[in-house]
Each structure stands twice: as structure tokens, then as C-alpha cells.
Trainee: 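Below you will find the structure I want to go over with you.
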Amino acid sequence: MACRISDLVIDCSDPEALARFWCEVLDFTVLARGEEGVEIGPREGLGGPQPVIVLIRGDEPRKGKLRLHIDVTATDRDQDAELERLLAAGARPLDIGQSGQDPWHVLADPEGNEFCLLGGRIDPL
């Protein structure tokens with residue numbers, strides 16, 4: 001038997017604002033709120049094939065580039081249309097030295113956490 005990723009935990013200064021952003025990006029919903037943060041996940045709830053995201057308030061500023069980042073792929077539109085949707089939701093383009101010919105876009109969420117929009121489409125779960 002193997003493990004699977006069940007939760008991704010992100011320290012942030014404003015869990016509510018970041019939860020709104022990632023819920024819009026991923027079509028997730030808020031599953032739980034507490035003093036420390038917000039848990040978001042698929043509308044079906046816990047235990048499905050997708051991990052939940054736990055956004056925990058952290059007051060220390062981030063230092064340097066993230067060692068782990070999230071990649072997203074559109075499920076119902078092409079990459080250009082998805083890029084426009086993500087930018088309208090509050091993402092911003094991020095230059096980390098990519099070539100400009102890459103088949104992905106590097107973006108930052110409202111708190112500056114890097115993530116990539118990959119090309120192509122995948123079927124929704």
C-alpha cells in the first residue's frame with residue numbers, strides 16, 4: 001500500500017483572501033474555518049482524489065523562492081482563456097527567468113506564491 005497527498009498546507013498572511021482566490025481558481029469550496037486558518041477543497045469534500053488545501057496564518061515573511069509550487073491545468077477551456085481567467089481572479093505574471101517559449105505560464109497568487117498554468121486540458125475528476 002502507498003500514501004497519497006491528502007493536504008497541501010500553505011502559510012500566508014491572509015487565509016481568507018487566499019482561500020477566496022484558490023477557491024475561484026480550482027472551483028473549491030471552504031470546508032472548515034478555525035482560528036489558525038481555512039481549509040478548502042473539492043465540493044465533494046474530503047477523501048476524494050484531490051488533496052485539500054489548508055491555508056494557515058503565518059506572520060513571518062517568506063524568504064526566497066518556494067521549494068514546492070502548484071501546477072494547474074484548465075479543464076474546460078484552452079490555456080489562453082484560462083490565463084485570462086486567472087489574471088482576472090488576481091493572479092499576476094511572474095518572471096523567474098523562463099525563456100518565453102515555454103509551454104506554461106508562471107504566475108503568482110495574491111500573496112506572491114508561485115504557481116504554473118500548464119498547457120493543454122485535462123478532464124475534470
Trainee: Who pairs with Asp102 by side-chain hydrogen bond (donor to acceptor under 3.5 Å, both in side chains), at least two apart in sequence or on another chain?
Mentor: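 Asp102 satisfies side-chain hydrogen bond (donor to acceptor under 3.5 Å, both in side chains) with Ser99 only.
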Trainee: When you group the ILVMFWY residues by side-chain heavy-atom contacts below 4.5 Å and let the links chain together, are Ile40 and Leu8 in the same group?
Mentor: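 Yes, Leu8 and Ile40 fall within the same hydrophobic cluster.
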Trainee: Are Phe21 and Leu31 linked, directly or through intermediate hydrophobic residues, by side-chain heavy-atom contacts shorter than 4.5 Å (ILVMFWY only)?
Mentor: no
Trainee: Not counting sequence neighbours, which residues clear side-chain hydrogen bond (donor to acceptor under 3.5 Å, both in side chains) with Ser13? List them please.
Mentor: Glu111
Trainee: Do the side chains of Val38 and Val30 get nearer than 4.5 Å, heavy atoms only?
Mentor: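 When only atoms from C-beta onward are counted, Val38 and Val30 do touch, with a gap below 4.5 Å.
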Trainee: With sequence neighbours excluded, what pairs up with Phe115 under the ring-ring contact (aromatic ring centres under 6.0 Å, His included) test?
Mentor: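 By the ring-ring contact (aromatic ring centres under 6.0 Å, His included) rule, Phe115 matches Trp22.
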Trainee: Which pair of non-hydrogen atoms, one from Pro51 and one from Pro42, has the smallest distance, and what is that distance?
Mentor: O-CD, 4.3 Å
Trainee: Of the non-hydrogen atoms in Cys116 and Val106, which two are nearest, and what is the gap between them?
Mentor: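 Nearest pair, atom of Cys116 first, then Val106: SG-CG2, 4.1 Å.
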Trainee: Any ring pair (Phe, Tyr, Trp, His ring centres under 6.0 Å) involving residues 66-110? Give me the pairs, sequence neighbours left out, ordered by first then second residue.
Mentor: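 Sorted result for residues 66-110: empty, none.
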Trainee: Could you tell me which non-hydrogen atom of Pro110 sits nearest to which non-hydrogen atom of Gly90, and how far apart they are?
Mentor: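 What the structure gives for the nearest pair is CG-O, 4.1 Å.
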Trainee: Is Leu83 linked to Leu94 within one hydrophobic cluster, defined over Ile, Leu, Val, Met, Phe, Trp and Tyr using a side-chain heavy-atom separation of less than 4.5 Å?
Mentor: no
Trainee: Please say yes or no: joined through hydrophobic side-chain contacts below 4.5 Å, possibly via intermediate residues, are Val9 and Val25 part of one cluster?
Mentor: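 Hydrophobic grouping puts Val9 apart from Val25.
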Trainee: Mind checking side-chain hydrogen bond (donor to acceptor under 3.5 Å, both in side chains) for Arg92 and listing every partner two or more places apart, or none if nothing turns up?
Mentor: none
Trainee: Looking only at non-hydrogen atoms, find the nearest pair between Gln79 and Pro103 and report the distance.
Mentor: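 Minimum heavy-atom separation between Gln79 and Pro103: NE2-O, 3.2 Å.
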Trainee: Would you say that Ile53 contacts Asp7 through its side chain, given a criterion of any heavy-atom pair below 4.5 Å between the two side chains?
Mentor: no
Trainee: Do Val54 and Ile70 share a hydrophobic cluster, counting only Ile, Leu, Val, Met, Phe, Trp and Tyr and linking them when any side-chain heavy atoms are less than 4.5 Å apart?
Mentor: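 Each belongs to a different hydrophobic cluster.
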Trainee: Starting at CG of Leu18, measure out to CG of Leu55 and round the result to the nearest 0.5 Å.
Mentor: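 The distance works out to 5.0 Å.
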Trainee: Does the side chain of Ile56 reach to within under 4.5 Å of the side chain of Ile10, using non-hydrogen atoms?
Mentor: no
Trainee: State the CD-OG1 distance between Glu82 and Thr73, to the nearest 0.5 angstrom.
Mentor: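 The CD atom of Glu82 sits 9.0 Å away from the OG1 atom of Thr73.
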Trainee: Going by salt bridge (charged side-chain N to carboxylate O under 4.0 Å, His left out), name the pairs with one or both residues in residues 23-44, residues two or more places apart or in two chains.
Mentor: Glu16-Arg33, Asp27-Arg43
Trainee: Got a second to check how far Leu117's CG is from Leu87's CG, nearest 0.5 Å?
Mentor: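 So the gap between those two atoms works out to 9.0 Å.
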Trainee: Distance from Glu114 atom CD to Asp109 atom CG, nearest 0.5 Å?
Mentor: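 Taking CD in Glu114 and CG in Asp109, the distance rounds to 9.0 Å.
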